[in-house]
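Heads up: the structure comes next, in structure tokens.
Residue numbers start from 1 in every chain, and the chains themselves are labelled A, B, ... in the order their sequence lines are given, proteins ahead of strands. Not measured: the values here are computed from a predicted model.
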Number of protein chains: 2
Amino acid sequence: MTIDIQNLTLEDIAEKAGVSRSTVSRVVNEHPNVSEKVRTRVLQVIAETGFHPNAAARTLASQRSSMIGFILGRTVSSFFPDPYFPQLTQGIAQACNQNRYTLSLFLVGSREDEAMIFPNVSRKGLLDGVIVQSGHDDDELINKLITSNIPIVVVGRPFEVENVTFLDVDNVEASRQAVAHLIGLGNTRIATIEGSANTTVSIDRRRGYEKALAEAGLPLDEKLIAAGDFSEESGYRAMEALLPHKPDAVFAASDAMAFGAIRAARHAGLRVPEDIGFVGFDDLPSARRFEPALTTVRQPVSEMGSKAVDTLLQIIHEGAASQAATIVPTELVVRNSCGAKAKGLAQ
Amino acid sequence: MTIDIQNLTLEDIAEKAGVSRSTVSRVVNEHPNVSEKVRTRVLQVIAETGFHPNAAARTLASQRSSMIGFILGRTVSSFFPDPYFPQLTQGIAQACNQNRYTLSLFLVGSREDEAMIFPNVSRKGLLDGVIVQSGHDDDELINKLITSNIPIVVVGRPFEVENVTFLDVDNVEASRQAVAHLIGLGNTRIATIEGSANTTVSIDRRRGYEKALAEAGLPLDEKLIAAGDFSEESGYRAMEALLPHKPDAVFAASDAMAFGAIRAARHAGLRVPEDIGFVGFDDLPSARRFEPALTTVRQPVSEMGSKAVDTLLQIIHEGAASQAATIVPTELVVRNSCGAKAKGLAQ
DNA sequence: CATCAATTTAGGAGCGCTCCCAATTTCAAA
DNA sequence: TTTGAAATTGGGAGCGCTCCTAAATTGATG
């Protein structure tokens, strides 16, 4: 049964059903005020012919495309395979399906891409709105998008927060909890390995670290803070720098860095978690099967994606979101690497 | 400098530049036969106003949208976070950028999604063509798509190969090589853990396994073949089933299953790779840092993505692809889990 | 059975572009 | 200068839909 998608038009269907173009349009768009008799006759013809209205014509006439874009700026696109992004994308895609919206994906690879993509994204007739992953300072496209007046929702706390609706994980609180957990385990010399500079994520996670120390009355020792860039390699190097200062626990701003750091600690002859405890951030799939299983922070990534879509649709349909910022909570997943289980302190 | 994206039209630009709509259209579309003087004047006005032609109007008038879709069917969408898919998506997205095409992503979650998405995908005025990830039998959407006559390229060998252009990794040869490698290491009782049934990937990898055994004159022992579903958990269980039959090496059809299988082998007191060697498939990021580092098959996933786009554009522009099937080669990455390094036999 | 309001249906205008063809301009050769 | 081919430019028609308004139909009411 090959339904040949020939170029049927509303008018064709109208003729076959013995009604007018407008009536078919009303049926297709589920408008009220169509008599039951006519509606069923038209639906019948539509089913028989396999008709689907032309998307471009509909968009042109109605000035709505029922499409939204998901944009990953130049500074993050290359990390797309990092599980965070596909998970977020999946959440967004699912929500789009549910709302009968079509999703366009823009991975901005290079500066040239940026120039080419911007018109596509901002011009009329393609997208009703966009979701942007942000959190890095040097992201021109995102800033241009924000100043153009297309409906927009930013995922991740943007650098310039002026009247932009955004959605973010509670990085400060998540990190505070993680570090407080390490403190609760009796550690006093807690180090941290930071993510890439110039990202709000890193800034916020650092703030959470400091907050936890302050709450516990522990001193902030700059020597126990090492710079990384979220990668495993950088975690290894950061740990090497940290080791001389003898931390008894480490909070890494990403699981990948935690993996690297643990490797470095072991290389130096330390046992994990007996001699030194670790907490990561992300809850990568491999965190569970790592030896020792990594204690880490889990983010509701996919939920964030669908929430981003809901918020964007609100802006599209109602002109504004009900709240300017949504901060979603995280969950500390206690496994073995922090030492809680070894000490019989797991909840 | 807020460029307000008001609804400028060709006509507006034409008026400002003192020319006709047609001339502006020619300039925008880089048609020849526009005098240099007029062209620069028009470009000037366009730059000043920040004009971008309306996508929907252009699509409607030209019957081309410059958009393609990437569709993950119901049977694979849930695996989107598996690094294979984001990597493929990235390759596709990059190629789209280069060719000035816009990418739409369809993750078909449920059967209801399928019904809702199909019209969007197949109807005119939205997509010029689609790339579909296939390889599973029960995938209605994909079959419907193939019978509708939208330009299509399938990634992964489809079940029904009748006049469909597809692109696939050489699973048979990759597996043959992997198993031959284990044979070359002196193993004679080589087991395999298969992926999900009803996928061409599994079928092909099994065939490669059998081929390698046959070439080496080794018997095919059904007891050394265990069923899995690509997941780590299934790898663990499959290995438990395999252990009583004392394999000296295992070829797992995915890295995740290899991880699970190694865990099971160790649980039974075996040393890896001294007592038993393992080869996986996929080269996940964690394969490198696994203990022991996993020998596995690397696929040029991102390249496949861009090749899929090239092929699709060929079909769109020239009516057909230059070849019906493209089979891309893989690479065996020898690390420690197979025992080659231990035996001093690494390449 | 007439009247009028409410419901349903039809058709025109217009969304902003492309594409075609005709009109205009340019310019070389006679 | 005249002529005509080539290059450039302009404007109409039309892509397939939505939305608005007006016409036709329905049906309740006096």
Side-chain angles (χ1 to χ4, degrees), chain A residues 5-43 45-46 49-67 102 119-120 122-128, chain B residues 5-43 45-46 49-67 102 119-120 122-128:
Chain A
I5 310 295
Q6 56 256 343
N7 289 350
L8 286 168
T9 71
L10 272 190
E11 213 101 30
D12 295 330
I13 304 301
E15 195 185 347
K16 281 188 212 292
V19 295
S20 77
R21 172 171 38 88
S22 305
T23 301
V24 179
S25 173
R26 274 180 221 111
V27 171
V28 168
N29 294 298
E30 295 172 350
H31 277 280
N33 298 347
V34 179
S35 70
E36 210 43 51
K37 205 176 53 186
V38 171
R39 159 172 282 120
T40 52
R41 180 149 42 97
V42 171
L43 284 176
V45 175
I46 289 176
T49 53
F51 166 78
H52 294 298
N54 181 294
R58 177 179 273 190
T59 299
L60 180 58
S62 67
Q63 305 286 40
R64 291 177 277 100
S65 66
S66 292
M67 288 196 14
T102 296
N120 271 19
S122 66
R123 77 172 159 207
K124 293 284 174 177
L126 188 63
L127 302 176
D128 289 345
Chain B
I5 310 294
Q6 57 257 345
N7 290 349
L8 286 166
T9 71
L10 273 190
E11 214 100 31
D12 296 330
I13 304 302
E15 195 185 346
K16 282 187 210 291
V19 294
S20 78
R21 171 171 39 88
S22 304
T23 301
V24 179
S25 174
R26 275 180 218 110
V27 171
V28 168
N29 293 297
E30 297 174 348
H31 278 279
N33 298 347
V34 180
S35 71
E36 210 42 53
K37 204 176 54 188
V38 171
R39 157 171 282 117
T40 51
R41 181 149 40 97
V42 171
L43 285 176
V45 175
I46 289 176
T49 54
F51 166 78
H52 294 298
N54 181 295
R58 177 180 273 190
T59 298
L60 180 58
S62 67
Q63 305 285 42
R64 291 177 277 101
S65 67
S66 292
M67 288 197 10
T102 297
N120 271 18
S122 67
R123 76 172 160 207
K124 293 283 174 177
L126 189 62
L127 302 176
D128 290 344

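Atom CZ in A:Phe51 sits about 10 Å away from atom P in D:dG16, given to the nearest Å. Per the geometry, NE2 belonging to A:His31 stands 12 Å off C1' belonging to D:dC17, to the nearest Å. Following rounding to the nearest Å, A:Glu30 (CD) and D:dC17 (P) show an atom-to-atom distance of 16 Å. Separating the NZ atom of A:Lys37 from the P atom of C:dT7 is a distance of 18 Å, rounded to the nearest angstrom. Across the protein-nucleic acid pair, A:Asn54 atom CG and D:dT18 atom P stand 10 Å apart, rounded to whole Å. Remark: P of C:dT9 and CG of A:Leu10 are 16 Å apart, rounded to the nearest angstrom. Between A:Leu60 atom CG and C:dA13 atom P the separation is 17 Å, expressed in whole Å. Counting to the nearest Å, the C1' atom of C:dC17 and the CG atom of B:Leu8 are 14 Å from each other.
Counting only heavy atoms from C-beta outward, the side chains of B:Val19 and B:Arg26 never approach each other to under 4.5 Å. In this structure, B:Thr9 and B:Arg21 have side chains that are not in contact, with every pair of non-hydrogen atoms separated by 4.5 Å or more.
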- Task: Decide yes or no on side-chain contact (heavy atoms from CB on, under 4.5 Å) for A:Phe51 and A:Asp12, but give the supporting numbers first.
- Result: CA-CA 9 Å; A:Phe51 166 78; A:Asp12 295 330; over 6 Å; no
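The side chain of A:Ser35 places an N or O atom within less than 4.0 Å of a non-bridging phosphate oxygen (OP1 or OP2) of C:dT9. Between B:Gln63 and the phosphate of C:dC17, there is no side-chain N or O to OP1/OP2 separation shorter than 4.0 Å. Put simply, A:Asn33 has a side-chain N or O that comes within less than 4.0 Å of OP1 or OP2 on C:dT8. Neither OP1 nor OP2 of C:dC15 sits under 4.0 Å from any side-chain N or O of B:Thr9. An OP1 or OP2 oxygen of D:dT18 is reached within less than 4.0 angstrom by a side-chain nitrogen or oxygen of A:Asn29. B:Arg64 has a side-chain polar atom (N or O) that falls below the 4.0 Å cut-off from OP1 or OP2 of C:dC19.
Heavy-atom distances under 4.0 Å link DNA chain D to B:Val19, B:Ser20, B:Arg21, B:Ser22, B:Thr23 of residues 16-25 of chain B, given in residue order.
Separation of atoms NE2 (A:His31) and CZ (A:Arg39) is listed at 10.5 Å; rounding is to 0.5 Å. With values rounded to the nearest 0.5 angstrom, B:Leu60 atom CG is found 13.0 Å from A:Arg58 atom CZ. The CG atom of B:Leu8 lies 6.5 Å from the NZ atom of B:Lys16; values are rounded to the nearest 0.5 Å.
Just one residue in the list B:Ile13, B:Leu10, B:Val34 forms a side-chain contact (heavy atoms from CB on, under 4.5 Å) with B:Val27, and that residue is B:Val34.
When distances are taken from the side chain of B:Arg26 to each of C:dC20, C:dC17, C:dG11, the shortest belongs to C:dC20.
If you find the closest nucleotide of DNA chain D to B:Ser62 and to B:Val38, the one lying nearer the 5' end belongs to B:Val38.
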